[in-house]
Amino acid sequence: LCFDPSMNEVTYNGAYPALRGISMSAAYESTLHLSFEVRGGLFMRQMHHWAALLFMASIVIHMARIFFTGAFRKPREANWAIGVILFLLGFLAGFTGYSLPDDGLSGTGLRIASAIMLSIPVAGTWISASVFGGEFPGHLIIGRFYIAHVLLIPGGLLALISVHLGLVFKQKHTQWPGPMRTNTNVVGERMFPRYALKQGGFFMSVFGVVALMAGLFQINPIWLFGPYRASEVSSASQPDWYVMFMDGLVRLMPNWQIYIPIAHGYSIPPLFWPAVVGLGALTTVPMAYPFIEARRLKDKRIHNLLERPRDNPERVGIGAMAFSFFLVATISGGNDVIADKFHISLNAMTWAGRIGLLIVPPLAYYISVRICLGLQQHDREVLAHGVETGIIRRLPNGQFIEIHQPLGPVDDHGHPIPLEYGGWVVPKKMNRAGALAPAIKGFFFPVEKPAEAPVSPGMPPVSGKKREEIASGH
């Protein structure tokens, strides 16, 4: 192996001249060796790091799609809970992974993790001593994190992904409303060959993009951070993006320390609330949300049909609140860098983040709900009156009106009969409602006779006779 997960102290005499003669751990020395002296080592390290970031991003985006379309509803609550646990395991995999090099940045992260453990009342000291093998930093944590990172956590990920895919095979994918699609059936596609080939193409595309990013964009240059020293903490120490929200919550937490006068006295430091209680709430509340929504709506039905986000404004509002909360906390995780680069008071940045956590989520809820209601109203108007054609007609009394193309039958007076909303996209343009002819088959030359374009309502057909010029009369 090129990496040595050991905290034994060695002297660096490798290819990077700036660190020669510096005492460091064997883990940091072997990571430098892997980066500079093993062919393709730095490329593989950066590819691994970029892939980890995209893995977490894909989980978040996928779960956002599941949430906003209601795909987590019965009978898929278990798969939603598995998704939340997968995010948590990915979180731990990323943390243990970037802690392994034992550089200045990863050591700062370990110091914060130790402080979080120590903030737990009564049991915190025992937990920290058990994890680190004594006082921080000890000599065992890198080896333990190495086993967790390459064996235990990947094993948990593989097991949960297997269960997730098994449930998908059994329950089938959810589907958008459409012809022959109901909540009691699933109209899908065959696993082979189309779906398998499509997924294989996606895999190769993602592999190529990750390899391109690893070769072009530098990430985590550990040689610039130097070896970790327990007495040294550099500025601008930010974790990966999916951990930064917790860093931001820790920075925004006021200095509220609670003292409990029991026995010799206990105290609950401010770090405990955002890092332990907050992370626990951000894990358990989303996991329980499908059951909370079903109980509140008294909904016990099977759902195979997805919902357009606009059709459930309250759920969209809750999701917008969660994402805005996450965004404010993430930005606050880098408030020291923002304050330094833009010459802003760090105290002002901290208070802006605290106020933002209280104001931005409710504001996001209100705006998103109003947008959804507006989109609903627009759909109902089209179903009731038809599609706007852009054709203006002047009535005998001088009034100008726009002609609408009905989506369905009309009554005796020529007015459209309102249609019921089917839970799917409502045509908003003429070409989507049949005003334009369908595409002509053929590659360079057409192989079929084009169909005649339909005549727009209120517009007489154009004859093939020669048109006469309309003069002004002068």
Side-chain angles (χ1 to χ4, degrees), residues 55-92 156-178 181-188 242 245-246 277-327 329 361-362 364-366 368-369 371-373 375-376 421-424:
F55 174 71
M56 295 301 293
S58 65
I59 291 178
V60 172
I61 294 173
H62 180 62
M63 294 195 68
R65 199 275 299 175
I66 295 296
F67 180 82
F68 286 113
T69 59
F72 57 81
R73 295 173 295 174
K74 188 177 181 180
R76 296 174 177 85
E77 304 95 334
N79 245 355
W80 169 262
I82 289 175
V84 176
I85 298 175
L86 281 174
F87 176 83
L88 184 60
L89 284 180
F91 182 100
L92 295 176
L157 288 171
L158 289 176
L160 288 177
I161 290 174
S162 301
V163 174
H164 172 76
L165 294 178
L167 288 174
V168 170
F169 269 88
K170 180 176 177 58
Q171 300 171 344
K172 306 297 185 295
H173 277 290
T174 49
Q175 57 192 354
W176 291 107
R181 296 180 177 183
T182 66
N183 276 320
T184 57
N185 72 346
V186 176
V187 180
Y242 52 89
F245 79 95
M246 193 170 72
V277 177
L279 184 61
L282 292 175
T283 303
T284 55
V285 172
M287 194 180 300
Y289 183 82
F291 306 98
I292 296 174
E293 181 178 287
R295 183 177 180 85
R296 187 180 61 82
L297 299 178
K298 299 180 180 179
D299 184 9
K300 299 181 180 179
R301 298 172 298 164
I302 299 294
H303 294 277
N304 287 324
L305 294 180
L306 298 172
E307 281 186 314
R308 300 175 76 193
R310 67 185 65 185
D311 294 333
N312 199 318
E314 183 177 347
R315 184 192 300 145
V316 173
I318 293 174
M321 287 182 65
F323 272 98
S324 60
F325 184 89
F326 179 86
L327 182 61
Y365 178 90
Y366 175 79
S368 58
V369 168
I371 291 175
C372 290
L373 294 177
L375 293 173
Q376 284 186 18
Y421 178 63
W424 186 226

Problem set entry | Sub-6.0 Å ring centroid separation between Phe87 and Tyr242 |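 Ring centroids of Phe87 and Tyr242 are no less than 6.0 Å from each other.
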To the nearest 0.5 angstrom, please state how far the [atom1] atom of [X] sits from the [atom2] atom of [Y].
{"X": "Leu89", "Y": "Leu86", "atom1": "CG", "atom2": "CG", "answer": "6.5 Å"}
{"X": "Leu165", "Y": "Ile82", "atom1": "CG", "atom2": "CD1", "answer": "9.5 Å"}
{"X": "Glu314", "Y": "Cys372", "atom1": "CD", "atom2": "SG", "answer": "11.5 Å"}
{"X": "Arg76", "Y": "Lys172", "atom1": "CZ", "atom2": "NZ", "answer": "10.0 Å"}
{"X": "Asn79", "Y": "Gln171", "atom1": "CG", "atom2": "CD", "answer": "6.0 Å"}
{"X": "Ile85", "Y": "Leu157", "atom1": "CD1", "atom2": "CG", "answer": "11.0 Å"}

Quick one, [X] and [Y] - any side-chain contact, counting heavy atoms below 4.5 Å?
{"X": "Trp80", "Y": "Phe67", "answer": "yes"}
{"X": "Pro313", "Y": "Gln376", "answer": "yes"}
{"X": "Met246", "Y": "Phe91", "answer": "yes"}
{"X": "Tyr289", "Y": "Ile318", "answer": "yes"}
{"X": "Thr184", "Y": "Ile302", "answer": "no"}
{"X": "Val168", "Y": "His164", "answer": "yes"}
{"X": "Thr283", "Y": "Leu88", "answer": "yes"}

Where [X] and [Y] come nearest, the two heavy atoms and their spacing:
{"X": "Leu158", "Y": "Ser162", "value": "O-OG, 2.7 Å"}
{"X": "Ala364", "Y": "Ser324", "value": "CB-OG, 3.8 Å"}
{"X": "Ser368", "Y": "Gly317", "value": "OG-CA, 3.3 Å"}
{"X": "Ile59", "Y": "Gly83", "value": "CG2-O, 4.3 Å"}

Only pairs under 3.5 Å count here: list side-chain donor-acceptor contacts from residues 68-75, not counting sequence neighbours, and write none if there are none.
unit_1	atom_1	unit_2	atom_2	d
Thr69	OG1	Arg65	O	2.6
Arg73	NE	Gly70	O	2.8
Arg73	NH1	His303	ND1	3.3
Arg73	NH2	Leu305	O	2.9
Lys74	NZ	Lys300	O	3.3

Quick check: does any side chain N or O of [X] sit under 3.5 Å from a backbone N or O of [Y], one acting as donor and the other as acceptor?
{"X": "Asn304", "Y": "Val186", "value": "no"}
{"X": "Glu307", "Y": "Trp176", "value": "no"}
{"X": "Glu77", "Y": "Met287", "value": "no"}

Exercise. When you look at Leu279 and Phe245, which way does the side-chain contact (heavy atoms from CB on, under 4.5 Å) test go after all the steps?
Worked result: CA-CA 10 Å; Leu279 184 61; Phe245 79 95; 4.3 Å; yes
Problem set entry | Residues Tyr421, Arg308; criterion side-chain hydrogen bond (donor to acceptor under 3.5 Å, both in side chains); working and verdict | CA-CA 12 Å; Tyr421 178 63; Arg308 300 175 76 193; 3.1 Å; yes
Problem set entry | With sequence neighbours excluded, residues passing salt bridge (charged side-chain N to carboxylate O under 4.0 Å, His left out) with Arg310 |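 With sequence neighbours excluded, Arg310 shows a salt bridge (charged side-chain N to carboxylate O under 4.0 Å, His left out) to Asp379, given in chain and number order.
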